[in-house]
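Just so it is clear: chains get the letters A, B, ... in the order the sequence lines come, proteins before strands, and each one is counted from 1.
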Number of protein chains: 2
Amino acid sequence: MPTTPAPTARPKRQGRRPGTSGSRQVILDAAQARFAQEGYAGATIRKIAADAGVDASLVMQFFGSKDELFGAVMSITLSTLSRFSEAFEGPEHSLGERVTRAFLQVWDGDPKDSEPLLAMLRSAISNEQASSQLREFIQARLTEAIAPQLPHLQDTATRAGIASSMLIGLVVGRRIVKVPSLVSEDTESLVRYIAPAVQAILTGGHDA
Amino acid sequence: MPTTPAPTARPKRQGRRPGTSGSRQVILDAAQARFAQEGYAGATIRKIAADAGVDASLVMQFFGSKDELFGAVMSITLSTLSRFSEAFEGPEHSLGERVTRAFLQVWDGDPKDSEPLLAMLRSAISNEQASSQLREFIQARLTEAIAPQLPHLQDTATRAGIASSMLIGLVVGRRIVKVPSLVSEDTESLVRYIAPAVQAILTGGHDA
DNA sequence: GGAATATCTCAACGATTGTTGAGATAGGTT
DNA sequence: AACCTATCTCAACAATCGTTGAGATATTCC
């Protein structure tokens, strides 16, 4: 009977411990910023590595491939998205305002919150992973969050999908295309313009 | 006094005439489809040339560079955009419906009409030319087309910018991200959902 | 101190990109 | 016919991409 412990029991390994330098997090931050700024196709491993002050091969060693690195950034995105749901509860007559404000406020806050979403938006055009994630966010997450606020309607998926797409379009116009009349307007002013429209989509009658 | 004519007067040149093979138009069509499907960064000269059944260097000979080829496709886009303006005239109480329908109908018609716009949309993320063109379209063209219909309002640029961005977001959700609940809905059904919202943005009161 | 393990750099690979120059081919003029 | 011009192909360039393997450096346990 050997004295060496079983492989599964108490590894108690010796040697250097993983993740002690913090470079992994620095790379992740740089990747998040690059993906947000240039999208999946535009961002390169070499530029991300340069931003992090690290060799490109180290990025590969940590994350395996560009796709897996992007996947790591996207998993951060998911946690950011989950914070939307909480903001939607309240009286139905002001649902449009709450949804609109929750949507717009994310993009005016900490870049560390908006960057993952920008990365997903910009990459949705060139990367299937980002595209399907954005699709699932609009279709499932947002619908699940909004539908309970409208228990008497049957077409909540359609209404939520339309409202979400239009709000995302607003972000595209304001943050990516940079339409002057949208950039110059502050969040609360935009909410006053948009909230009634979102309210009409979510709760308005659907006349034939 | 030489018998040869002056360089600027009556060229009357001999030799083969330009544009007799039609390859230039075939390349332009292939480029339009590729830019629409994969955006500026994703589309490559070699793939475009392969689609057109032509060598890649011929594309360069005709258009000079990838940027100039993209510029040629964008100039087609401008002519497509110009047809928007005509659809907006009419009574103010139904302006939202006309704008919404005009917007959505372009994407359900002939691909030769929607492809240039899709190319501009998809490329706006990776190419400054497409981005600034889309920005100018939303800010100037659409505002100029909608403003005359709302002579009594002062913030028409803001209202038109918001409405346009939201409608573009709808196209992004329906044609690029492919949100199921938007894809399955037909144009007229979407118009009934969206027109009241667009109407609210364009003509609604802006309460403080 | 060694031994083991993780972090990190260096150099290079194969593929793909936009682009270029030379030359072959086709069509129009005299 | 000869001549000119435009169309088009072929081969290759330099740059950049993601990715890989080997080795140097740092950290932890014995």
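At least one donor-acceptor pair under 3.5 Å links the side chain of A:R174 to the backbone N or O of A:L182. The backbone N or O of B:F88 sits less than 3.5 Å from a side-chain atom of B:R98, completing a donor-acceptor pair.
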Protein N or O to nucleotides 22-27 of chain D N or O, pairs below 3.5 Å:
unit_1, atom_1, unit_2, atom_2, d
D:dT27, O2, A:R16, N, 3.3

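Residue-level contact check: B:A43 touches the backbone only, with heavy atoms under 4.0 Å from sugar-phosphate atoms and none from bases. Heavy atoms of B:A41 sit nowhere under 4.0 angstrom from any nucleic acid atom.
Using modelled atom types and a 3.5 Å distance limit, the side chains of B:S181 and A:Q139 yield a donor-acceptor pair. Checked by atom type, the side-chain pair B:S65/B:E68 shows a donor-acceptor distance below 3.5 Å.
When the C1' atom of D:dA15 is taken as reference, atom NZ of A:K47 falls 14 Å away, rounded to whole Å. Between B:L58 atom CG and C:dA24 atom P the separation is 18 Å, expressed in whole Å. Look at CE on B:M60: it is 14 Å from P on C:dT17, rounded to the nearest Å.
Each of C:dT29, C:dT7, D:dA12 was ranked by its minimum atom distance to the side chain of B:Q14; first place goes to C:dT29. For B:D55, counting side-chain heavy atoms from C-beta on, the closest listed nucleotide (C:dC10, D:dT9, D:dT19) is D:dT9. Listed candidates were C:dT9, C:dG18, D:dT7. Nearest to the side chain of B:K66 is C:dG18.
Where pairing requires Watson-Crick or G-U contacts shorter than 3.5 Å, the helical stems of DNA chain C with at least three consecutive pairs are C:1-30 with D:1-30.
For A:S132, the side-chain contact (heavy atoms from CB on, under 4.5 Å) test picks out A:E128, A:R135, with sequence neighbours left out.
Considering only side-chain N and O atoms, B:T44 lies nowhere under 4.0 angstrom from the phosphate OP1 or OP2 of C:dT16.
The cationic group of A:R34 does not satisfy the cation-pi geometry with A:Y40, failing either the under 6.0 Å distance to the six-membered ring centre or the 45° limit from the ring axis.
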